[in-house]
Every structure is written in C-alpha cells, then in structure tokens.
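The block underneath contains the structure these notes are about, expressed in structure tokens.
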Amino acid sequence: MYYNENTVIYFHGQFVKAAEAKTDLYSQSLHYGYAVFEGIRSYPINGGTKMFKGKEHYDRLRHSAKVMRIPFEYTTEKLMELTYEVLKRNNFTDAYIRPIVLCSPNMALSKGKESYIAIETWEWTNGYMSNKMKIMTSSYRRPNADAFHVDAKVSGHYVNSILACQEAKDNGFDEALVLDSNGFVAESSGANIFYENDGVLYTAPKGNILPGITRATVIGICKELNIPVEEKLFTPAEMKGADAGFFCGTAAEVVALSSLDNVEFKKNWEDSLSYVIQQAYKCKVLEKPFQLQEQVA
Ligand code: PMP
C-alpha cells in the first residue's frame, strides 16, 4: 500500500492527507499521459534523512516540463524544501519520493496552460540489491527519439515500459531488455544497463535512452576506481555471455543480471567489477567511505 489515512502529500500548494486529495478527470495528464514526474530516493543519514542527488532530479523535472511545454514555476530549491517537509510530516527517512506535475483541465491537444505538483512519498527499504535478474530481449522497442523527448521523464512514455515489463514477466523473466528502433540495446523498462567484458564496462550512449542520474553516478564511480567505461551502441548478441551485467536506476540502485535470454553471464557476480561498483554505489548513497578490496584492485 502506498499510503494510509495518515499519509501527507504536497498537492496544489498545500500539505494534505493523501486519502483526501482530489483531482479532476478532465485533463490531458490523465487521458493522454501529458505529465512529467521524477523518482527520487532518500536515505537515513546522520540520524536524519537526505535525498540522493535531489538537485539533479528536480533539475530534470524542470527540464522535462520545459520540453513538454508544461508551464512550471517552482525552483529546484523550493522543490527540495517542500520534499523535506513532506518527508518530515510522514516521519520517513528511508523513502521513495514521487513528484508529478499535472495539468489543469483541458483536452484539446494544446500545450499546458497551468500545472500543479503532487509530491508523494512512501517508505522504501531496498530489497533489489541482493537479487539477480533474469532478463529477456523485449519484442517492444523504446519510443522513437524522433517522436518523443526520450530524455524527459514523461508519464505517457511508461505505457511502453508497462508493455515490455509485463511481457517479460508473462514469459517467466524478471525484466525486459528493450532495444531502440534501430535494434541496439537501449535500457530496461525503468533503468539503464551496463555490461562488463574483460575489465571494461559498456553502456548505451545518450540519444535513445533516459540518461539516468544513477548511470551518471556509475560512470563517476568507474572514473574514481579507474575502471574503463565506454558509451557505445551494441546489440543483445554482443552482450550475451559477457562477464557480467547490471541495471541501474534510482529505485533499482545497482542490480545484478544473471542471464540474458537464458544465456548466463560468465563471472560469479561477487568476482566481477560490477559487484565492486554495486558496493561503491551503496556506500555513496549512504555517505559511507568505500574501500576497494585488494583482490579487485
Ligand atoms: N531509464 C528509464 C526508462 C527509467 O524509467 C529510469 C528511472 N528513472 C532510468 C532509466 C534510470 O534513471 P535514474 O537513474 O535517473 O533513476
């Protein structure tokens, strides 16, 4: 359950009970997916709570609204302040935060006239990190970059994610690997992808993906640890049977892949560089020092 009778959200300029919040049924946001949103994590730090890269997330929210021509006046600083207030009112430290910018009533396929934001949050302790995912190449392709602003986090794009993710689950897999319209690996339904071969990390370049904040963090970790990382176009065939692979995203964090289309990754996860990156990511979000173990150095 995402909320109960005590849950507080920020909505239409006020802090209100989630169970009592009301919206209209006549907007393009509901009918056509014309809304933008974010997914942010906060972690328990120093007896309080801290959003990981909250500024980057709210900057991206404002970028998403701008390219979608949704008027949105809030500054990143104000959004951060409101979010901390929502966390405080709910007494959450380990949480997932979901701000969404919705448009006022209008269904005429015109650009937004007015918008309002809902900031919702629920408690979240990550169970993903310890899992290993079996993934399949999806029969669905990512939205075409000529048809959508794929670098924006737009609600309507996620209908494609639902199709891909559910197809994978119906076929006994945990997640989908979704290709771009040219047949190159793009991302999963809700995370970016990396694979590892012979000590080098590879990830899809910007252009046909949501360029994740976690992806940027992982690239930063690779630089810090002197792990070579290359952004390049690649096919599922190139990735199949590689040493290791992982998805990364704000909610998923860094999650190991066990196989792609039933072809196992070669290395023991714990022996891979990807595992080192996963551990370093965990330390980074929790603001703990990370020490590289000697056998992987
Ligand atoms: N790709 C898609 C399609 C996503 O939904 C997400 C999650 N926001 C990501 C990648 C990863 O982005 P981030 O690391 O910014 O959460």
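Whatever order the structure lists them in is the order used to number ligands and atoms, beginning at 1. For the numbers below, each heavy atom of this structure counts, side chains included, while hydrogens, waters and symmetry mates do not.
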Any chance the side chains of N106 and S110 put a donor and an acceptor closer than 3.5 Å? yes
Would F11 and Y116 count as a close aromatic pair, with their ring centres under 6.0 Å? yes
Does M239 reach the side chain of I193, with side-chain heavy atoms less than 4.5 Å apart? yes
Tabulating one pair per line, provide the atom names and distances (0.1 Å) for every N/O atom of ligand 1 that is less than 3.5 Å from a protein N/O atom.
from: ligand 1; atom 1: 1 (N); to: E187; atom 2: OE1; distance (Å): 2.7
from: ligand 1; atom 1: 5 (O); to: K153; atom 2: NZ; distance (Å): 3.3
from: ligand 1; atom 1: 5 (O); to: Y158; atom 2: OH; distance (Å): 2.5
from: ligand 1; atom 1: 8 (N); to: K153; atom 2: NZ; distance (Å): 2.7
from: ligand 1; atom 1: 14 (O); to: I213; atom 2: N; distance (Å): 3.2
from: ligand 1; atom 1: 14 (O); to: T214; atom 2: N; distance (Å): 2.9
from: ligand 1; atom 1: 14 (O); to: T214; atom 2: OG1; distance (Å): 2.6
from: ligand 1; atom 1: 15 (O); to: R60; atom 2: NH1; distance (Å): 2.9
from: ligand 1; atom 1: 15 (O); to: R60; atom 2: NH2; distance (Å): 2.9
from: ligand 1; atom 1: 15 (O); to: I213; atom 2: N; distance (Å): 2.8
from: ligand 1; atom 1: 16 (O); to: T250; atom 2: N; distance (Å): 3.0
from: ligand 1; atom 1: 16 (O); to: T250; atom 2: OG1; distance (Å): 2.6

Can you list, pair by pair, the side-chain donor-acceptor contacts under 3.5 Å of residues 145-152, counting residues two or more places apart and other chains?
from: D151; atom 1: OD2; to: H63; atom 2: NE2; distance (Å): 3.0

Minimum side-chain heavy-atom gap N160-Y140 below 4.5 Å: yes
Pick one: which of T93, T83, I97 meets side-chain contact (heavy atoms from CB on, under 4.5 Å) with S42? I97
